[in-house]
Amino acid sequence: MSFPRFSLPIICTVCLAATAFAQQPGEPPVDNDFVQRQFGSNCSLINLPPLKADLNGDGVEDIVIPARCTSPMMDQAEQNYFVVDPYNAFFGYGNPRITTQFSTEDPDRRGFSLLIIHGTGADAWHTSSPKAKFMIVNLPFKTVYVKRLGLKKKEHMAIYIDETGGDAMTSVLFWDGKKYRYQPMGSNLE
């Protein structure tokens with residue numbers, strides 16, 4: 001069996017193209033350093049790409065960063081973000097001081113969170129003082145993507161989630177003007 005031979009410059013170009021997920025010139029890279037400056041040292045990236053969209057409808061780009069945060073409440077006051085649990089709030093009790101202590105079905109996924117930065121001004125989400133920052137905890141996500149959602153004759157950008165678990169649920173997370181809300185959409189009939 002023979003393998004094709006590639007030159008080093010071609011391989012490096014392919015690697016660089018794969019890692020630059022539509023990063024605009026002048027934007028800071030979304031890496032562990034960026035995440036830890038915004039949300040504290042207990043957060044690190046996982047292997048899902050960040051997503052950019054205007055989630056709160058103010059005309060300024062926001063960002064959603066899938067990450068693992070070991071102690072969500074620890075850096076909340078110092079880093080000026082809100083820890084919220086819309087998933088458990090939908091099912092009855094969403095106090096993150098208590099729900100962050102719940103165990104997960106898969107221990108490897110413990111601490112998975114969505115970090116959301118609402119941008120402001122010309123610098124959008126990468127400004128030194130964003131409009132708001134949120135850490136969404138306890139969402140059982142496998143994949144995350146951003147699409148339009150129609151609600152009450154209006155369209156909003158929303159975060160769609162393919163959930164973990166045997167029933168393969170799809171759900172949506174959206175900004176209602178005051179807070180993030182979770183809504184199950186049903187199973188995908190695979």
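Position 1 is the first residue of the sequence; numbering continues from there.
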Please report the shortest heavy-atom distance between Val60 and Thr120, naming the atom on each side. CG1-N, 3.7 Å
What's the spacing between Ile65 CD1 and Cys43 SG if we round to 0.5 Å? 9.5 Å
Residues Pro72 and Asn42: closest non-hydrogen pair is N-ND2, 4.4 Å
For Ile136 and Asp85, run side chain to side chain contact (heavy atoms under 4.5 Å, CB included): C-alpha distance rounded to whole Å, both residues' side-chain angles, the deciding distance at 0.1 Å, then the answer. CA-CA 6 Å; Ile136 311 291; Asp85 187 353; over 6 Å; no
Calculate, to the nearest 0.5 Å, the distance between atoms SG and CD belonging to Cys69 and Gln36 respectively. 9.5 Å
Could you go through Tyr182 and Val172, starting from their C-alpha distance and side-chain angles, then the distance that decides it, and tell me whether this counts as side chain to side chain contact (heavy atoms under 4.5 Å, CB included)? CA-CA 6 Å; Tyr182 169 87; Val172 65; over 6 Å; no
Using 30° and 60° as the class boundaries, would you call the ring planes of Trp125 and Phe34 parallel, tilted or perpendicular? perpendicular
State, yes or no, whether a side-chain contact exists between Ile116 and Leu55 at a heavy-atom distance under 4.5 Å. yes
Side chains of Pro140 and Met169 in contact at under 4.5 Å (non-hydrogen atoms): no
Within the 4.5 Å heavy-atom criterion, are Gln183 and Leu173 side-chain neighbours or not? no
Check the pair Arg148, Met157 against side chain to side chain contact (heavy atoms under 4.5 Å, CB included), reporting the backbone distance first and the verdict last. CA-CA 4 Å; Arg148 293 199 177 280; Met157 289 304 287; 3.6 Å; yes
hydrophobic_cluster_shared for Leu115 and Met74, side chain cutoff 4.5 Å: no
Any side-chain heavy atom of Lys133 within less than 4.5 Å of one from Phe82? no
Only pairs at least two apart or in different chains count here, so list each ring-ring contact (aromatic ring centres under 6.0 Å, His included) that has a residue in residues 37-60. Phe39-Tyr81
How long is the straight-line distance from NZ of Lys147 back to OH of Tyr160, given to the nearest 0.5 Å? 6.0 Å
Under 3.5 Å side-chain donor-acceptor pair for Glu163 and Thr170: no
At what distance, to the nearest 0.5 angstrom, does OG of Ser129 lie from CG of Asp123? 9.0 Å
Verdict with reasoning, Asp176 to His156, per side chain to side chain contact (heavy atoms under 4.5 Å, CB included): CA-CA 9 Å; Asp176 72 355; His156 302 274; over 6 Å; no
Taking atom CG of Asp33 and atom CD of Gln38, what is their separation to the nearest 0.5 Å? 12.0 Å
Taking Asp162 first and then Lys142, would you say they form a salt bridge - that is, a charged N and a carboxylate O separated by under 4.0 Å? no
Search all heavy atoms of Ala158 against all heavy atoms of Phe174 and return the closest pair with its distance. CB-CB, 4.0 Å
One should read off an interatomic distance between Asn88 CG and Asn138 CG, to the nearest 0.5 angstrom, of 5.0 Å
List in chain and number order the residues that pass side-chain hydrogen bond (donor to acceptor under 3.5 Å, both in side chains) with Ser71, two or more places apart in sequence or in another chain; answer none if no residue qualifies. none
Side chains of Leu45 and Arg68 in contact at under 4.5 Å (non-hydrogen atoms): no
Side chains of Phe90 and Ser171, heavy atoms from C-beta outward: is any pair under 4.5 Å? no
Residue pair Gly59 / Asp54: nearest heavy atoms and the distance that separates them: N-OD2, 2.7 Å
Going by atom types only, do His118 and Asp62 share a side-chain donor-acceptor pair under 3.5 Å? no
Nearest heavy-atom pair of Ser44 and Val35: which atoms, and what distance? N-CG1, 4.5 Å
Identify the heavy atoms of Leu114 and Val144 that sit nearest to each other, and give their distance. CD2-CG2, 4.1 Å
